[in-house]
Structure formats: structure tokens, C-alpha cells
Engineer: 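Would you mind keeping the following structure in view while I ask a few things?
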2 protein chains.
Amino acid sequence: MSSKSTLLTKNIFDNIPEKFTEEIIENIFIKQNLVIERIISNGHSTLANHWYDQLGDEWIILLKGEATILLEANNQLINLKAGDYLMIPAHTRHRVEWTLPNFDTIWLAIHMK
Amino acid sequence: MSSKSTLLTKNIFDNIPEKFTEEIIENIFIKQNLVIERIISNGHSTLANHWYDQLGDEWIILLKGEATILLEANNQLINLKAGDYLMIPAHTRHRVEWTLPNFDTIWLAIHMK
């Protein structure tokens, strides 16, 4: 009956700043070799000539908005809309090529180490 | 340039049967001590007098619909709507008390072992 056992919920669509210049990346859960991130993009894309090259696998789902990812190896363009998910294996060099302008695109990213 | 490096996307809201009697639980990603499940409820609740008592932590987010979870320890009722997420620590006895009738409530559950 201790209040310690009360569990708290949060909403993934809440607490988004009215205006922000940089993409927002927040850790919403961390446990050992697992990190769950909320990412908010608003017309953002990865810096020119920059590729993400991650040590671990990453599973992502787009919850709101639209985005396009580019894979370096085969020039694959991956268009994402709400509900789309994919696994990006470790060391798959990729970048966010485009996100919907003037709209908060919300991603959930699960990083495994 | 090998086609092996092509990544596939799926959509969490796709491929839902028109009708189903039992709650649908699908593993959509498995890696070592991590399982990501898609759960589809349509008015379902946990069997009477049954409590989930899980070995590992579980992080869940409701993506569509509505649900209520009950915790045994403090009788806490947790109402969930789209976007709500919470972490249920290992061995927190809980049950799904209610889900929206005549509607596909879609959950993403991340089980950690």
C-alpha cells in the first residue's frame, strides 16, 4: 500500500516546446544496455555529409509526422509515416535526409548496446 | 550495393485481422534479452483473478485506443490513452482491467530480461 508502488505515466506527445531550433533528443528510459529515446524533429535533417554509424542496433518507430532516411551503402531512401518501424543494424551508416517542415515529427528510438 | 543491405519497414497499424476473438500478441523484434511485442486488444481484459507477474521489466506505450491497468499492490488504476507510456518493474503484479470495446487498441511492449 506504499506510495512507492505507484507507477507514473507520461505521454509521448506532451511537453513539446512551442519553438526549438535544434532537434530534441531525450532519454525517456535507460536500463543497462538499453536506451529509449524520444526524438522531435521539425524540418530537421542530419548535418550535410554526416552519417550516423552506431555501435549497437537501433529499432525505431515514427509516431507522428513524416521523415526520410538515407542509407549510405545502397542509397536506399526510406520514407516513414506514422506507425512505420524498422531496425537499423549496428554500423549501418544512415542519415535523416528530410523531416516534414513546420510539424513536430516524433520518433521513438530504442538503442541496444 | 548488395540487396542484402536493403532495410524493410513495416507499419504497426497494418495487418490487423477484421475479426479476432483472442487478444493478439506478436513478437515484432527479438534480440537476446529484449523482445518488442505488438499487442492488439479489442475490448479484451485479463482473465478474472489472473495477474501478470513478470520476470523482467516491461516498458509499454499505448499507440491507439484506450485501456486501464490495475496494480495489485495498491489497487492503482492506470488509465491509458494514445501516447501514454510507463515502465512496469519486474514482479509488479498487474492486469489489464479494461480496453475500449469495438476498437483496436494497439500497444507496444518492450520486455527486458
Side-chain angles (χ1 to χ4, degrees), chain A residues 1-16 28-36 38 56-64 67-94 106 108-113, chain B residues 1-16 28-36 38 56-64 67-94 106 108-113:
Chain A
M1 299 293 164
S2 145
S3 65
K4 279 198 291 183
S5 35
T6 299
L7 298 189
L8 294 181
T9 61
K10 289 190 178 180
N11 193 283
I12 201 81
F13 304 119
D14 284 353
N15 297 315
I16 299 174
I28 58 173
F29 182 78
I30 300 179
K31 187 189 172 177
Q32 293 160 1
N33 49 0
L34 181 79
V35 176
I36 303 178
R38 173 173 81 159
D57 294 342
E58 180 184 9
W59 188 92
I60 54 170
I61 183 167
L62 203 92
L63 298 181
K64 204 169 143 187
T68 302
I69 289 174
L70 175 64
L71 303 189
E72 186 183 45
N74 59 359
N75 283 316
Q76 185 188 354
L77 282 169
I78 302 174
N79 297 313
L80 300 173
K81 62 181 188 305
D84 285 342
Y85 64 89
L86 79 160
M87 206 280 280
I88 303 176
H91 297 301
T92 301
R93 285 164 62 90
H94 65 283
I106 299 182
L108 198 67
I110 300 169
H111 293 275
M112 299 155 240
K113 283 166 193 165
Chain B
M1 301 292 167
S2 145
S3 63
K4 282 199 289 185
S5 35
T6 299
L7 297 190
L8 293 181
T9 63
K10 289 190 178 180
N11 192 285
I12 201 80
F13 303 118
D14 283 354
N15 297 314
I16 298 174
I28 59 173
F29 182 78
I30 300 179
K31 187 188 174 180
Q32 294 160 2
N33 49 1
L34 183 79
V35 176
I36 303 179
R38 174 174 79 161
D57 293 343
E58 179 183 9
W59 188 92
I60 56 172
I61 183 168
L62 203 91
L63 297 180
K64 203 170 142 185
T68 302
I69 289 174
L70 175 64
L71 304 189
E72 188 184 44
N74 58 357
N75 284 317
Q76 186 187 354
L77 283 169
I78 303 174
N79 297 314
L80 300 173
K81 62 181 190 302
D84 284 342
Y85 64 87
L86 79 161
M87 205 280 278
I88 302 176
H91 298 300
T92 302
R93 286 164 63 92
H94 65 283
I106 300 181
L108 198 69
I110 300 170
H111 294 276
M112 299 154 239
K113 284 166 196 168

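A, B, ... follow the sequence lines: proteins, then strands. Residue 1 opens every chain. Scope of the values below: all heavy atoms of this structure, side chains included, with no hydrogens, waters or symmetry mates. Keep in mind that what you see is a predicted model, and the values were worked out from it rather than measured.
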Engineer: Heavy-atom cut-off 4.5 Å, strictly under: side chain, backbone, both or neither for A:Ile61 against chain B?
Structural biologist: side chain

Engineer: Please state whether the side chain, the backbone, both or neither of A:Leu108 comes within less than 4.5 Å of a heavy atom of chain B.
Structural biologist: side chain

Engineer: Quick one: which of A:Lys64, A:Met112, A:Lys81, A:Gln32 has the most heavy-atom pairs under 4.5 Å with chain B, could you say?
Structural biologist: A:Met112

Engineer: For the atom pair OG1 (A:Thr6) and CG (B:Asn74), what is the distance rounded to the nearest 0.5 Å?
Structural biologist: 4.5 Å

Engineer: So what's closer than 4.5 Å to chain A heavy atoms on B:Ile106: side chain, backbone, both or neither?
Structural biologist: neither

Engineer: If you count heavy-atom pairs within less than 4.5 Å of chain A, which of B:Ile12, B:Leu63, B:Leu86 leads?
Structural biologist: B:Ile12

Engineer: For A:Asn79, give me all partners under side chain to side chain donor-acceptor pair (under 3.5 Å), at least two apart in sequence or on another chain.
Structural biologist: A:Thr68

Engineer: With chain B, which of A:Asp14, A:Ile36, A:Leu71 has the greatest number of heavy-atom pairs at distances under 4.5 Å?
Structural biologist: A:Ile36

Engineer: So A:Pro89 and A:Met87, do their side chains get closer than 4.5 Å, heavy atoms only?
Structural biologist: yes

Engineer: In terms of heavy-atom pairs under 4.5 Å, which option from A:Leu34, A:Asn33, A:Thr92 contacts chain B the most?
Structural biologist: A:Leu34

Engineer: Identify which part of B:Phe29 has an atom lying under 4.5 Å from any heavy atom of chain A, answering side chain, backbone, both or neither.
Structural biologist: side chain

Engineer: Considering only heavy atoms, which portion of B:Leu62 lies under 4.5 Å from any heavy atom of chain A: side chain, backbone, both, or neither?
Structural biologist: neither

Engineer: Is the number of heavy atoms from other residues, nucleotides or ligands under 6.0 Å of A:Lys31 NZ greater than 12?
Structural biologist: yes

Engineer: Distance check, rounded to the nearest 0.5 Å: B:Leu70 atom CG versus B:Leu77 atom CG?
Structural biologist: 5.0 Å

Engineer: Under a 4.5 Å cut-off applied to non-hydrogen side-chain atoms, are B:Glu58 and B:His94 in contact?
Structural biologist: yes

Engineer: Counting only heavy atoms closer than 4.5 Å, note whether B:Ile110 contacts chain A via side chain, backbone, both or neither.
Structural biologist: side chain

Engineer: Pick whichever of A:Ile78, A:Ile69, A:Asp57 has the most heavy-atom pairs under 4.5 Å with chain B.
Structural biologist: A:Asp57

Engineer: To the nearest 0.5 Å, how far apart are CD1 in A:Ile60 and CD1 in A:Ile88?
Structural biologist: 4.0 Å

